[in-house]
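Below: the structure, in structure tokens.
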Amino acid sequence: MKSIATLGSHCALQVLKGAKDEGFQTVLICEKNRLPLYNRFKMIDQIIVVNKFSEIVKKENLDKLNEFDSILIPHGTLISEVGIKATENELKVPIFGNRNILRWEAERELKEELMIKAELNPPNSISDPKDINKLSIVKLPGAAGGKGYFLANDFDSFNKGLEKLGKKDIPKEDLYIQDYIIGVPVYFHYFYSILTNEVELLGIDRRYETSIDGFGRLPSEIQSENNFDPSYIVVGNQPLVLRESLLEEVYKMGERFVKAAEKIVPPGMIGPFCIEGIYDQDAKFIPFEFSARIVAGTNLFVNGSPYTDLTYDKPVSMGRRISMEIKDAVKKGKIESVTT
Ligand code: AMP
């Protein structure tokens, strides 16, 4: 019997709960200091203890995972702590989904290319900060969870922003500068089943970000009298349901993304992904990012979401949906088509 494994952070609890619900054995790769947390949960059958997540590629840990006949579920922590290169070359265990697409999420130019191919046109980006002439968001390399983002109106405010962050000497080509879109940020949680050839929408969230989400609580004169610099650090996620009339376009965006990924990153987008963007003042959706794997916002829906309630006759989280797909693939003798 195969087991489902993942790194102990991000959405591990949801993934392993879903695996257990579908009858799999579960394996957690856990950093020592996080053991007290994960020991509280009964759905974890095996724990591989490491000092740092990056040790997962050590032979003894890979041997254990293979001994447990594990399929590893990638999430944000795999990308940030183990890294794309090691995941591509050293992580010799089957991964659910397409391990090659993770690089397209992590590298700005590749990301933009895939989005444009999918007709998910991101906000205008600027390569030379001297060209900033309207409200723009500056994203520092490796910024995770919105940390290290700042706003600039022109070259002068750009330089001041960098200085405040103590990053004056950063190579300008490492920065990503984008038009700032004012509106409502929305994150769509999709799942593409290669077995049924269907794009499913499992949930929607918006992030709760400090301190930008606190500014709306201040009267405008207090805002303008004080020189606040907003930050975009994610502290949580809020569930969202969309106006029903906007839903069809959401499915179409997911389908375009899957089609584009199939063409340019074989074997394409398999399993969970997320398109992230902002509805502007005309309720037009402007995508600015995608994630080519499960996102943490899906943790809201451990017990299913309004959208999964419409599709399944049981509570289905993204974690459970992944295990349902693996189970189905095993049954149909197609496990190679959902793993890389
Ligand atoms: P990201 O790390 O790209 O998902 O972005 C983190 C947060 O920054 C988002 O949730 C938004 O609040 C904000 N953000 C990113 N890009 C833009 C943009 N082009 N316009 C407005 N806000 C943005």
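Order of appearance sets the numbers: ligands from 1, and atoms from 1 within every ligand.
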Worksheet item: Should Asp45 and Lys20 count as an ion pair when the cut-off is N to O under 4.0 Å?
Response: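 Judged by the 4.0 Å cut-off on N to carboxylate O distance, Asp45 and Lys20 do form a salt bridge.
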Worksheet item: Within a radius of less than 6.0 Å around CD1 of Ile182, do more than 12 heavy atoms belonging to other residues, nucleotides or ligands occur?
Response: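 Open: at most 12 neighbouring heavy atoms sit under 6.0 Å from CD1 of Ile182.
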Worksheet item: Is Lys259 atom NZ crowded by more than 12 heavy atoms from other residues, nucleotides or ligands, each under 6.0 Å away?
Response: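 12 or below, so no.
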Worksheet item: So among Leu91, Val93, Thr87, which one has a side chain to side chain contact (heavy atoms under 4.5 Å, CB included) with Ile56?
Response: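 Only one option passes, and that is Leu91.
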Atoms of ligand 1 less than 4.0 Å from [X] heavy atoms?
{"X": "Lys139", "answer": "3 (O), 15 (C), 16 (N)"}
{"X": "Glu276", "answer": "4 (O)"}
{"X": "Ile278", "answer": "20 (N), 21 (C), 22 (N)"}
{"X": "Gln178", "answer": "16 (N), 18 (C), 19 (N)"}
{"X": "Tyr187", "answer": "4 (O), 9 (C), 10 (O)"}
{"X": "Asp179", "answer": "18 (C), 19 (N), 20 (N)"}
{"X": "Pro123", "answer": "19 (N)"}

Discussion item. Pairs of nitrogen or oxygen atoms closer than 3.5 Å, one from Ile181 and one from ligand 1: do any exist?
Written reply: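 There is such a contact, yes.
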Worksheet item: So is Tyr149 polar-close to ligand 1, meaning N/O to N/O under 3.5 Å?
Response: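 Yes, since at least one N or O of Tyr149 sits under 3.5 Å from an N or O of ligand 1.
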Discussion item. Can you pull out every salt bridge (Lys or Arg N to Asp or Glu O under 4.0 Å) where at least one residue sits in residues 92-107? Sequence neighbours excluded, please.
Written reply: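 Listed once each, the pairs are Glu88-Arg103, Arg103-Glu107, Glu105-Arg293.
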Worksheet item: Parallel, tilted or perpendicular: which describes the rings of Phe158 and Phe150, with under 30° parallel and over 60° perpendicular?
Response: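 The arrangement is tilted - the two ring planes meet at 30° to 60°.
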Practice prompt. Assess the pair Phe257 and Phe188: is the distance between their ring centroids shorter than 6.0 Å?
Written response: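 No, too far apart.
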Discussion item. If we only consider heavy atoms of Val234, is any one of them less than 4.0 Å away from an atom in ligand 1?
Written reply: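 False for this residue.
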Worksheet item: Under a 4.0 Å heavy-atom limit, does Phe290 contact ligand 1 with its side chain, its backbone, both, or neither?
Response: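 For Phe290, there is no contact with ligand 1 at all, from either part.
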Discussion item. Heavy atoms only, cut-off 4.0 Å: how does Tyr180 contact ligand 1, side chain, backbone, both, or neither?
Written reply: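 The part of Tyr180 near ligand 1 is both the backbone and the side chain.
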Worksheet item: Would Lys134 count as a cation-pi partner of Tyr180, with NZ or CZ less than 6.0 Å from the six-membered ring centre and within 45° of the ring normal?
Response: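 Geometry flag: not set, cation outside 6.0 Å or 45°.
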